[in-house]
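Some notes on the structure that comes next.
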Protein chains: 2
Amino acid sequence: MSDSELFVAHVPGIQYGVLDSLVGYAVRRAQIRMYETFIMAMEPWGITPPRFSAMVIVSLNPGLKLTQLAKIMGIARSGAVILVDALEELGYMQRLPAPEDRRAFSLALTEKGKADLVKITAAVQAQDKAVTQMLDSKEQADLHRLLLKLSDAAI
Amino acid sequence: MSDSELFVAHVPGIQYGVLDSLVGYAVRRAQIRMYETFIMAMEPWGITPPRFSAMVIVSLNPGLKLTQLAKIMGIARSGAVILVDALEELGYMQRLPAPEDRRAFSLALTEKGKADLVKITAAVQAQDKAVTQMLDSKEQADLHRLLLKLSDAAI
DNA sequence: TATTGTTATACTCTATAACTATA
DNA sequence: TATAGTTATAGAGTATAACAATA
């Protein structure tokens, strides 16, 4: 962000024209806001959105290999290596030998990773709730449902 | 994206846990989808989301200076230089001397920029409509309204 | 002194491609 | 031959900081 100033969605006196009518532009602005607040909420742990996703997925699907994690997250294998390296350095994830394949690793959270994930998840949920608090319950549910409908649609 | 494969929101057999309950995660996935289709739709013109925003804003607010554009778009001044450089190289934007300030430039679209922006805008609107087509009219309006409410809220 | 545009530099994220060790 | 993980490398995108010209 420029000069440490926060992003202003609409600068007074400026015409935004067609941008204001695009769902895609609104999605992008919402994403910027969500990302900013996520990073602030995760500051104590050094967790980014992809790191959080990786921790949750490995936690619930123990024994995943790096290639599987990459496919699930939609990133390149080399990206998964860097992601796991970072989580290993934070003491949250470990590469265990895969019993049936000496080329591969079984990914798992460390005990510290499991313990901190509980607190991290609570903080993420609180942040998600805080950002959406200006919507009433029905609006929150509608927004969530419509976003899922948008991105889960067949391509 | 990994190995030229498209992002799959839910890989069969994988547990996503709390991720599926977060509005922020849904926003991110919707944004990935919107971005992918935007880039595909803009392939004939080499236009990215920030380039499109810059063209629209300069088109509707002619005479803007680089520093103003940077502030409006929420990027650093150095980023605006690179953005304008790219649009100038595409033949879409020009730096005109600012009449009242010899340090600054007045940004404006070229004739080619104005002409192509009409077609580009039509393609962007078609893409936005295509991605949201699985929502009915009311759902589209609701989604747009709720996204704006989310990102326009006071921080 | 402050501001405008620019440049130099660096950091993050992510991709492709080549490599090694296994399968 | 194909696959798992790794490494090297490169390309966006964006940031900070310093600079010359001008205000």
Side-chain angles (χ1 to χ4, degrees), chain A residues 1-7 28 31-32 35-36 38-39 42-43 46-54 58 63-90 93-108, chain B residues 1-7 28 31-32 35-36 38-39 42-43 46-54 58 63-90 93-108:
Chain A
M1 186 64 55
S2 168
D3 302 321
S4 302
E5 292 168 27
L6 284 170
F7 176 62
R28 174 65 181 142
Q31 204 270 324
I32 288 173
Y35 184 82
E36 286 175 349
F38 188 99
I39 294 297
M42 291 297 100
E43 196 272 332
I47 289 295
T48 61
R51 288 177 189 177
F52 178 67
S53 298
V58 168
L64 281 179
K65 295 169 189 167
L66 271 145
T67 300
Q68 293 175 298
L69 180 63
K71 185 188 173 78
I72 292 166
M73 298 193 58
I75 61 178
R77 281 176 299 154
S78 59
V81 171
I82 293 168
L83 190 55
V84 172
D85 282 350
L87 289 170
E88 223 171 35
E89 204 160 317
L90 288 168
M93 196 173 285
Q94 53 190 329
R95 289 166 162 97
L96 300 174
E100 80 295 348
D101 188 341
R102 283 190 297 162
R103 294 171 303 180
F105 293 113
S106 265
L107 296 174
Chain B
M1 187 62 55
S2 168
D3 301 322
S4 300
E5 292 168 26
L6 283 171
F7 176 62
R28 175 63 181 143
Q31 203 270 324
I32 289 173
Y35 183 82
E36 286 175 350
F38 188 100
I39 294 298
M42 291 297 101
E43 197 271 333
I47 289 295
T48 60
R51 289 178 188 176
F52 178 66
S53 298
V58 168
L64 281 179
K65 294 168 191 168
L66 271 145
T67 299
Q68 294 175 298
L69 179 63
K71 186 187 173 75
I72 292 166
M73 297 194 61
I75 61 178
R77 281 177 299 155
S78 58
V81 171
I82 293 168
L83 189 55
V84 171
D85 283 349
L87 289 170
E88 222 171 37
E89 205 159 314
L90 288 169
M93 195 173 285
Q94 53 191 329
R95 290 167 163 95
L96 301 174
E100 80 294 349
D101 188 340
R102 283 190 297 161
R103 293 172 303 181
F105 293 112
S106 265
L107 296 174

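Chain identifiers are assigned alphabetically (A, B, ...) following the order of the sequence lines, protein sequences preceding nucleic acid strands; residue numbering begins at 1 within each chain. The basis for the numbers below is simple: all heavy atoms, side chains too, and nothing from hydrogens, waters or symmetry mates. Keep in mind that this is a model prediction, so the values were computed, not measured.
Remark: P of C:dT12 and CD1 of A:Ile82 are 11 Å apart, rounded to the nearest angstrom. Rounded to an integer number of Å, the gap from A:Arg28 CZ to D:dG13 P is 11 Å. In this entry the distance linking OH of A:Tyr35 with C1' of D:dT14 reads 11 Å, nearest Å. Between B:Leu69 atom CG and C:dT4 atom P there is a gap of 13 Å when expressed in whole angstrom units. Between the CG atom of A:Leu96 and the C1' atom of D:dA4 there is a distance of 16 Å, given to the nearest Å. Look at CG on B:Leu64: it is 14 Å from C1' on C:dT4, rounded to the nearest Å. Rounded to a whole Å, the CD1 atom of B:Ile39 is 14 Å from the C1' atom of C:dT14. In this structure, CD1 of B:Ile75 is placed 20 Å from P of C:dT12, rounded to the nearest angstrom.
Side-chain nitrogen and oxygen atoms of B:Arg95 include at least one within less than 4.0 Å of the OP1 or OP2 phosphate oxygen of C:dT6. Contact annotation: B:Arg102 side-chain N/O to D:dA20 OP1/OP2 distance is not under 4.0 Å. For the pair A:Thr67 and D:dT3, the criterion of a side-chain N or O lying under 4.0 Å from OP1 or OP2 is not met.
Mapping A:Asp101 and A:Asp85 onto DNA chain D by nearest heavy atom places A:Asp101 at the nucleotide closer to the 5' end. Where A:Arg51 and B:Ser106 meet DNA chain C, the nucleotide closest to each residue was compared, and B:Ser106 sits on the side nearer the 5' end.
Contact annotation: the side chain of A:Val84 approaches that of A:Arg95 to within less than 4.5 Å [non-hydrogen atoms, C-beta and beyond]. Proximity of A:Tyr35 to A:Pro49: side-chain heavy atoms (C-beta onward) are separated by under 4.5 Å at one or more points.
For A:Thr67, the side chain to side chain contact (heavy atoms under 4.5 Å, CB included) partners are A:Arg77, not counting sequence neighbours.
Counting distance only, with no hydrogens placed and no angle test, the side-chain atoms of A:Ser78 and the base atoms of C:dT14 include no donor-acceptor pair under 3.5 Å. The base of C:dG5 sits within donor-acceptor range of the side chain of B:Arg77, with an N or O pair under 3.5 Å.
With C:dG5, C:dC13, D:dT22 as the candidates, the nucleotide lying closest to the side chain of B:Arg103 is D:dT22. Set against C:dG5, D:dT14, D:dA4, the side chain of B:Leu66 has C:dG5 as its closest nucleotide. Closest approach to the A:Ala104 side chain among C:dT16, D:dA4, C:dT4 is made by D:dA4 (side chain taken as heavy atoms from C-beta onward).
By the 4.0 Å N-to-carboxylate-O rule, B:Arg51 lies too far from B:Glu88 to be salt-bridged with it.
Scanning all heavy atoms of the two residues, the minimum distance from B:Ala54 to B:Leu87 falls at CB-CD1, 3.9 Å.
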